[in-house]
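Given the structure is predicted, the values throughout are model-derived calculations rather than measurements.
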Amino acid sequence: MVSLSTWFRYIAHKLEYSATISWKVLHSLLSYPFRSDLSASGNYKRGQITDRELGDAVWKNLFQGKLTYLHWNKGAEMAPSIGEQGGTLLVRKLPAADPRRVFVGDVVVVKDPDNPDKFLVRRLAAIEGYEMLSTDEKDDPFVLEKDECWVLADNETLKPKEANDSRKFGPVSMTDIVGRVIYCLRTAVDHGPVQNSHFSMRKDSPVLEVELDVDEMAKNHKA
């Protein structure tokens, strides 16, 4: 049974997520060409968002949907964290990926640089400001620029090209991170939380406790 304190922490996360998403949606509407001159109701006059509009949007998002979704992943790149035969992952949605919300050590879902319609599951190894040094003396060191990050596969037995990570395609934008993996179901009897950074595991604990449904994950698991 979920404790009252956990529910309070969970609701706080939902409020933060709802407020961020609502603000981004409303801001995008106001940024649309000529949007500030629209509407007989005057809601978008002078390109401003009223407190009531923002409050209504936050309230609507707060009670719609979850903070997590299921994602199927297959491949040897993230073994042993995720089995080579594939795993059903519980992924926490992120309203925005920045150094305040994702941390080095997190397992994240990121858009595939070679195919934006697909997603990769990799571990966040470095973020903006980190100096990157190569084991190859021919490669010069460099510093990750603002909003850049470096993602790596967990499987250390794979060569860079096989791992298909930043050693192959280079830095990726933080904005391409869409979620953090918090739980993995490999089989009906082999499942558990994914090891992320200490900060993220603490932040995600109430979300995991409230929204984890192993039976649902097993039902959606691919053989």
Side-chain angles (χ1 to χ4, degrees), residues 68-187 190-205 207-208 217 222:
T68 59
Y69 66 93
L70 297 181
H71 176 77
W72 169 256
N73 185 79
K74 187 176 183 179
E77 292 87 356
M78 289 302 292
S81 301
I82 300 170
E84 295 184 21
Q85 300 305 314
T88 299
L89 310 178
L90 185 67
V91 182
R92 179 177 175 179
K93 302 173 186 176
L94 297 172
D98 57 51
R100 297 172 301 162
R101 292 185 173 92
V102 287
F103 307 91
V104 171
D106 290 352
V107 176
V108 296
V109 179
V110 60
K111 292 180 182 178
D112 186 340
D114 297 325
N115 187 348
D117 292 330
K118 294 184 178 181
F119 298 92
L120 302 174
V121 176
R122 298 292 183 269
R123 194 174 294 276
L124 189 63
I127 58 174
E128 59 183 64
Y130 274 59
E131 182 178 16
M132 308 304 297
L133 302 174
S134 174
T135 55
D136 190 339
E137 295 180 355
K138 296 179 182 178
D139 296 332
D140 294 327
F142 64 94
V143 176
L144 291 176
E145 298 180 0
K146 183 175 175 57
D147 295 328
E148 284 187 339
C149 64
W150 196 264
V151 294
L152 295 176
D154 272 4
N155 193 338
E156 297 179 352
T157 66
L158 298 179
K159 297 178 180 179
K161 288 186 178 180
E162 297 172 328
N164 192 27
D165 56 23
S166 286
R167 292 171 294 176
K168 174 186 175 183
F169 47 69
V172 296
S173 172
M174 292 281 283
T175 58
D176 287 339
I177 295 176
V178 299
R180 176 168 52 243
V181 181
I182 61 177
Y183 200 90
C184 174
L185 185 145
R186 303 168 192 84
T187 69
D190 181 15
H191 53 85
V194 171
Q195 186 66 42
N196 288 311
S197 68
H198 171 74
F199 300 103
S200 293
M201 295 192 77
R202 186 175 61 187
K203 283 174 172 285
D204 295 336
S205 61
V207 178
L208 187 61
M217 294 182 71
K222 299 178 182 179

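Distance check: F142 CZ to L133 CG gives 9.0 Å after rounding to the nearest 0.5 Å. The CG atom of N164 sits 6.5 Å away from atom CG of D114, with the distance rounded to the nearest 0.5 Å. Going from atom CG of L185 over to atom CH2 of W72 covers 9.0 Å, rounded to the nearest 0.5 Å. Remark: T88 OG1 to K74 NZ distance equals 12.0 Å, nearest 0.5 Å. How far CG of L89 is from CG of L70: 8.5 Å, rounded to the nearest 0.5 Å. For the atom pair Y69 OH and K93 NZ, the distance stands at 9.0 Å (nearest 0.5 Å).
C149 has its side chain out of reach of V104: every pair of non-hydrogen atoms, C-beta onward, lies at least 4.5 Å apart. Looking at Y183 and V207, their side chains never come closer than 4.5 Å, going by heavy atoms from C-beta outward. Between K111 and T175, every side-chain heavy-atom pair lies at or beyond the 4.5 Å cut-off.
Heavy-atom minimum distance, R123 versus Q195: NH1-O, 2.7 Å. Annotation for P99 and F103: closest pair O-CE2, 3.5 Å, computed over non-hydrogen atoms. Considering all non-hydrogen atoms of both residues, K203 and R92 come closest at O-NH1, 3.6 Å. Here the closest non-hydrogen pair linking E77 and R122 is CG-NH2, 3.4 Å. In plain terms, the two heavy atoms of G192 and R186 that are nearest each other are N-NH1, 4.2 Å. A pairwise comparison of heavy atoms in P113 and L120 identifies CD-CD1, 4.1 Å as the closest pair.
At least one donor-acceptor pair closer than 3.5 Å links the side chain of N196 to the backbone N or O of V107. Panel note: side chain D98, backbone R100; a donor-acceptor pair is recorded below 3.5 Å. Looking only at distances, no side-chain donor or acceptor of D190 sits under 3.5 Å from a matching main-chain atom of T187. In this structure, the side chain of S166 does not engage the main chain of P171 through any donor-acceptor pair within 3.5 Å. At least one donor-acceptor pair closer than 3.5 Å links the side chain of R180 to the backbone N or O of R101. A donor-acceptor pair under 3.5 Å is absent between the side-chain atoms of N155 and the main chain of A163, judged by distance alone. Within the 3.5 Å criterion, the main-chain N or O of L144 finds no donor-acceptor partner in the side chain of E128.
Among K161, R167, E162, the single residue meeting the side-chain contact (heavy atoms from CB on, under 4.5 Å) criterion with D165 is R167.
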From CA spacing to verdict: side chain to side chain contact (heavy atoms under 4.5 Å, CB included), T68, V91: CA-CA 5 Å; T68 59; V91 182; over 6 Å; no
Side chain to side chain contact (heavy atoms under 4.5 Å, CB included) assessment of V194 paired with I182: CA-CA 5 Å; V194 171; I182 61 177; 5.9 Å; no
Stepwise side-chain hydrogen bond (donor to acceptor under 3.5 Å, both in side chains) check, D147 with S173: CA-CA 6 Å; D147 295 328; S173 172; over 6 Å; no
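Using cut-offs of 30° and 60° for the angle between ring planes, the F119 and H71 rings count as perpendicular.
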